[in-house]
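I have placed the structure first, in the form of structure tokens, so that the comments after it can refer back to it.
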Amino acid sequence: MQATRSPTRRIHAHRACAAAGVLLLAATPASPQSSNLYVGGGWVAVDFVDTISGDDTQPTVQLGFNGSGASNPFTMDTGSVGILASSQYFTPGPDAKRLGEGSQYYSSDHRTEYGVWWEATQQIYSNGVLVAEAKVPVLQVTHEKRCDANGGNCQWNYSPDVHMMGVGFAREGAVGQTDPSRHSPEYNAFLNLTAVAVTPGGPLTVLPDDWHNGYVVSGDQVQLGLTTSNTANAGFIKLAPNPTYFTPTNKEWSLVPASITVDSQPPVEGTVLMDTGLKPGILTPTGTVGHFTCGQNECADHSTYLAISLPTGGFQIFSYEFQLNVSDPMRPHEVHLPGGTDTYFNTGLRVFNGINLIFDADNGFTGYQLASSGAGSPTINMWMALGGPFTVPDGFTSSLPLVLFGSSTLSPEGSAEFTAIITGSSSNGLTIDGPGTVRFTAFNAYTGPTTVTRGRLGVDGSIVSPVEVQNGGVLGGTGVLGANVTIGAGGIYAPGNSIGSQIIVGNLSFDLGGVFEVEVDPTTSDQAGVFGSIDLTGAVLQLLIARSRYAPVTSYEIIDNLGGTPAIGTFAQVISPFIFFLPYVDYDFGADHDVMLTLRRSTDFSAVARTPNERAVAEALETLPQDSPVFEAIQFQATAAGAQQAFNALSGEVHATVSSTLANDSHYVRDILMGRLVQAYYARTGGNTGAVAGLASGGPMAVAGLGNASPMGLGISGLGMGASDAVDPQLGVASPITFWTQGYGAWADFNGNGNAAGANRTLGGFLSGMDAMFADGWRIGGALGYAQTDVSVGSRLSSADVDSYQLAAYTSGQVGSFVVRGGGVWSWSSIDTDRSIVFPGFFEQVEASYNANTGQVFGEVALPLNHSHIAYEPFTGLAWVGVDTGSFTEGGGFAALTSSGANDSVGYMTLGLRAAGSMLIDGMEVVPRGSLTWLHAFGDVDPDQSLAFATFGQSFVVSGVPLAQDSALIDAGFDVILAPNATAGIVYTGQFADNVQDNAVTGRATWRF
């Protein structure tokens, strides 16, 4: 019933037979048989209560509602949508939801049903057994109106007997909505199942994830769900999206296109509906048909001949013909002629005596199976007919022959393959437009143009169609292209699947910007064999080079000129993916005028290096064996920037930077020792009183002093921080030993110099010592310390952890008006490094552990002065620092490095001024102090390290972050005298230069006892 809403080889050895072979192969049909479109899923059978039979009984199914357990027969109508039931068949249950008043009109018998729409749950039974549930609107019919064909003589019925289940496809919403979100799938129970009994006799379960939404209608049952088994031995027609109501989530399809022949008139293109809701057929012809009056209708004469062919275009997937006065179980008893301008035929229900109808709601296919070979004269060809768009699922394969009955588009979502012949007329073209790949492996005979606008077409069989590849499209494969091939701007021609060859019987031409993509390996390449002309003017040759071991020079025949006429023009651009592979093209090679590619491999890695470190690493890499993973990773760099990143990542310069850091940080221990000597001097010479008390408070905190100046030998005033060192006149020797300790912490940024990368360092440690004064005025002491240093070279993804232990000796004395101070320190360091070696195409993690020794000696001369409450002294000094790092071999990968160690010596000269004072603030004694020093470094200020790749290769030398040659040291702080025996303070120390910012903060607190 109808509702009103409706591999490279020498191809030229085969010149003599190739063109003829294309046509021969293209004409060879492939064996049909199936596709994997319906793999998986499941289906359930719903047997009809009343089946379609010779007496034209309409098919009925058992429906119940709201879980009541009761069911009633409902006429199943493939020509309409929606469930319509008068009150004796449907009573809204507790879960039903009222949607509002509405109606549905049936044009076939001019009938309108009125009532209230409810959303309700339907139970679908087969032979009394519950097999499925669905949830769609139901029209509870309260009254109906029937009119004659002209819309007059209307009769009202207020006690209707209505029980109709419409499951038609390609129909608009049953309640008159025009909103595409409310169209027929929402009213079709078979397409809105919520649960099914996939196992016969088993319980209802939710639909499987791979359920294929659709059904198969036969004369005695409907099968819900599509599978490989219940769609076998069928021919399929792809339906076009309904232009008004189709959306990606609610798919609505147009009616089936068909050729309809009436009597001796020429065939006319129209549409066909196979309708279980009607006993007679309905024909809307475009010509003159003999007719007579049959009741309220006009019917076709019994002598009328009808031939139906699906689809249009001259090739039949399904066809049958009949004459109304000839016995045929598939023909309708009557064919009504309602009038109209569109060519349309409703078959009526008797067609299901000979065929099964398949409907695929998701992909938009209708299919036809032969149900009875003796019924009338139907013909079914197990092909797939395509006349519009087809969104091809990922993984799709089909061995069904394909016929193009209209201009068609394949939109692959992933990989798709057609293994049987494709045929069609010259007026019906084929477009590939999707993100995936389509492969043709048969020898195809369609002659309409092929256009690749997006995605990839791989021709591994043959086509006789001219091909155009547009921007975003790719053409390839290993078969035969039997006509002209044109590659537009941005389009890509890439013969082969990976490396392979392809024959072009026609011409090959490239528009400006068209791309010829050629993949090569050490021995072979992609190749196109062309019988026609070759025009390369303005094209781009894009090379894909397999990662492998290449000879210094390799030649490839990329176009085998089978026609013998030299190529026209040259490539506008030849692009190699790797900077160390240099291509050259010969456009007229040999007697056949072939196009040859020569690839020269360069091992001059240092040609792209920018800095001394990069150049040193590049030259070492050039000596590695070609099969070394590190060598290959460099050889296959796409850009100079990638190679430079590789050189820096491989350099291991963190090892040299660690040496630089050890030399730079040596001044912290040196400064603490100098601070102690300054403190001790001023405490001895007047630290208990006014002017020099500030300098007496500098340096480390005295923990304890042993003497006789006070009960505990401290002999200190409110400002003096050191122990009293007065000479004991009875003993004639210096006062006893003083113990002290100092903690420190610092963080620094060392800028790179365009060669070595910058580094960050954090440092924490302490130094503890003891010293004593001798009778001749000289102080001698010793100290022990520990420091922990973290070094990070961020741009090299490298870091180091350093644990250091120090042993120091120091002394000071007065020579005339000057004070001389000095000492020496030896440090033992344990170093753990970690490097992530990352550059395009390569990643490794390597580690190393080794030792280092740092020695330093230092001295200074100062002139103590004071004025009022300020003490100050200018000073100058010299220091020598030597850093000796031990040998190591990194572990963890092919890029690991080894070293025999390194030695660096750095000298430092200082010139500065110290000052301190004292003041009262709110009755509290405060001691501010500070110093300003110019520090000049000389010697190995650019520390370097000799390294080599641990597995292969010669040594190379890289430099680490440089030391600042001239910098300013600033020391500023203050102490607060909290009580005669308690002091607290804070000190800031900074080093500033063009490439160094080093900061340290030290908190000071002491309690004497």
Quiz item: Is there a side-chain contact between Glu519 and Ser498, using heavy atoms and a 4.5 Å cut-off?
Solution: yes
Quiz item: What's the spacing between Gln470 CD and Thr486 OG1 if we round to 0.5 Å?
Solution: 10.5 Å
Practice problem: Indicate yes or no for a side-chain donor-acceptor contact from Gln645 to the backbone of Val838 under 3.5 Å, with no hydrogens or angles considered. | Solution: yes
Practice problem: Using a 4.5 Å cut-off on heavy atoms from C-beta on, say whether the side chain of Arg600 contacts that of Tyr584. | Solution: yes
Quiz item: Which value, rounded to the nearest 0.5 Å, describes the distance between Thr603 atom OG1 and Tyr550 atom OH?
Solution: 16.0 Å
Exercise. Report the C-alpha separation of Phe647 and Phe839 in whole Å, then their side-chain angles, then the decisive distance to 0.1 Å, and conclude whether the ring-ring contact (aromatic ring centres under 6.0 Å, His included) test is met.
Key: CA-CA 9 Å; Phe647 301 153; Phe839 56 89; 8.7 Å; no
Quiz item: Quick one: are Thr228 and Ser34 in side-chain contact, heavy atoms under 4.5 Å?
Solution: no
Exercise. Kindly compute the distance separating CG (Leu475) from CG (Leu457), expressed to the nearest 0.5 Å.
Key: 5.5 Å
Quiz item: Would you call Leu543 and Phe578 a side-chain contact if the rule is heavy atoms closer than 4.5 Å?
Solution: no
Using distance only, find each side-chain donor-acceptor pair of residues 402-416 under 3.5 Å and give its atom names and separation, not counting sequence neighbours.
| residue | atom | partner | partner atom | Å |
| --- | --- | --- | --- | --- |
| Ser408 | OG | Leu386 | O | 3.0 |
| Ser408 | OG | Gly406 | O | 2.8 |
| Ser411 | OG | Asp433 | O | 2.8 |

Self-check item: Stepwise side chain to side chain contact (heavy atoms under 4.5 Å, CB included) test for Ile463 and Leu481
Solution: CA-CA 5 Å; Ile463 60 175; Leu481 303 171; 4.0 Å; yes
Quiz item: Are Thr451 and Thr453 linked by a side-chain donor-acceptor pair shorter than 3.5 Å?
Solution: no
Exercise. Would you check if the side chain of Gln637 reaches a backbone N or O of Ala633 as a donor-acceptor pair within less than 3.5 Å?
Key: yes
Self-check item: Interatomic distance, Ser501 atom OG to Ile558 atom CD1 [nearest 0.5 angstrom]
Solution: 13.5 Å
Quiz item: Only one of Val515, Val518, Leu508, Val469 forms a side chain to side chain contact (heavy atoms under 4.5 Å, CB included) with Tyr493, so which one is it?
Solution: Leu508
Quiz item: Hey, mind stepping through Phe636 and Phe581 against ring-ring contact (aromatic ring centres under 6.0 Å, His included) and telling me if it holds?
Solution: CA-CA 8 Å; Phe636 294 109; Phe581 285 81; 5.4 Å; yes
Quiz prompt | Interatomic distance, Ile380 atom CD1 to Gln369 atom CD [nearest 0.5 angstrom] | solution = 7.5 Å
Quiz item: So, for Asp592 and Asn561, which heavy atoms are closest and what is the spacing to 0.1 Å?
Solution: O-CB, 3.2 Å
Identify each donor-acceptor pair in which a side-chain atom of residues 531-540 lies under 3.5 Å from a protein atom, sequence neighbours left out, and give them as a table.
| residue | atom | partner | partner atom | Å |
| --- | --- | --- | --- | --- |
| Ser533 | OG | Asn507 | OD1 | 3.3 |
| Asp535 | OD1 | Thr537 | N | 3.0 |
| Asp535 | OD1 | Thr537 | OG1 | 2.8 |

Quiz item: Do Ser309 and Ser259 have side-chain atoms, one donor and one acceptor, less than 3.5 Å apart?
Solution: no
Exercise. Might you work through the ring-ring contact (aromatic ring centres under 6.0 Å, His included) test for Phe631 and Phe605, ending with a clear yes or no?
Key: CA-CA 10 Å; Phe631 183 93; Phe605 298 157; 5.3 Å; yes
Practice problem: Please report the C-alpha distance between Leu239 and Lys251 in whole Å, then the side-chain angles of each, then the deciding distance to 0.1 Å, and finally whether the side chain to side chain contact (heavy atoms under 4.5 Å, CB included) criterion is met. | Solution: CA-CA 11 Å; Leu239 302 174; Lys251 299 176 180 179; over 6 Å; no
Quiz item: Does the side chain of Glu468 reach to within under 4.5 Å of the side chain of Pro449, using non-hydrogen atoms?
Solution: no
Quiz prompt | Minimum heavy-atom distance Gln502-Pro495, with the two atoms named | solution = CB-CB, 4.0 Å
Practice problem: I would like to know whether Leu310 and Thr366 meet side chain to side chain contact (heavy atoms under 4.5 Å, CB included); could you show each step before the answer? | Solution: CA-CA 10 Å; Leu310 315 180; Thr366 181; over 6 Å; no
Exercise. Identify the two heavy atoms, one from Ile358 and one from Ala234, that lie closest to each other, and give their separation to 0.1 Å.
Key: CD1-CB, 3.7 Å
Quiz prompt | Shortest non-hydrogen separation from Ala643 to Ile579 and the atoms involved | solution = CB-CD1, 4.1 Å
Practice problem: Please work out whether the ring planes of Tyr368 and Phe318 are parallel, tilted or perpendicular, with thresholds of 30° and 60°. | Solution: parallel
Quiz item: With a 4.5 Å heavy-atom cut-off, do Val617 and Ser651 have their side chains touching?
Solution: yes
Exercise. Using the ring-ring contact (aromatic ring centres under 6.0 Å, His included) rule, take Phe396 and Phe418 through it: C-alpha gap first, then chi angles, then the decisive distance, then the call.
Key: CA-CA 8 Å; Phe396 174 84; Phe418 292 83; 5.4 Å; yes
Quiz item: Do Ile634 and Leu650 come within less than 4.5 Å of each other through their side chains, counting heavy atoms only?
Solution: yes
Quiz item: Taking everything shown except Ile575 itself, do over 12 heavy atoms lie less than 6.0 Å from its CD1?
Solution: yes
Exercise. Could you grab the distance from atom NZ of Lys238 to atom OG1 of Thr391, nearest 0.5 Å is fine?
Key: 7.0 Å
Self-check item: Nearest heavy atoms of Ile432 and Arg456, plus distance in Å
Solution: CG2-O, 4.3 Å
Quiz prompt | Candidate pair Met382 and Asn233, rule side chain to side chain contact (heavy atoms under 4.5 Å, CB included), full reasoning | solution = CA-CA 6 Å; Met382 288 178 283; Asn233 302 316; 3.7 Å; yes
Quiz item: Between Ser555 and Met596, which heavy-atom pair has the shortest distance, and what is it?
Solution: CB-CE, 4.3 Å
Exercise. Taking the side chain as every heavy atom from C-beta outward, state whether Arg547 and Glu632 have any pair of such atoms under 4.5 Å apart.
Key: no
Exercise. Give a yes or no on whether the ring-centroid distance for Phe359 and Trp253 is below 6.0 angstrom.
Key: no
Exercise. Assess whether atom CZ of Phe571 is packed by more than 12 heavy atoms of other residues, nucleotides or ligands within 6.0 Å.
Key: yes
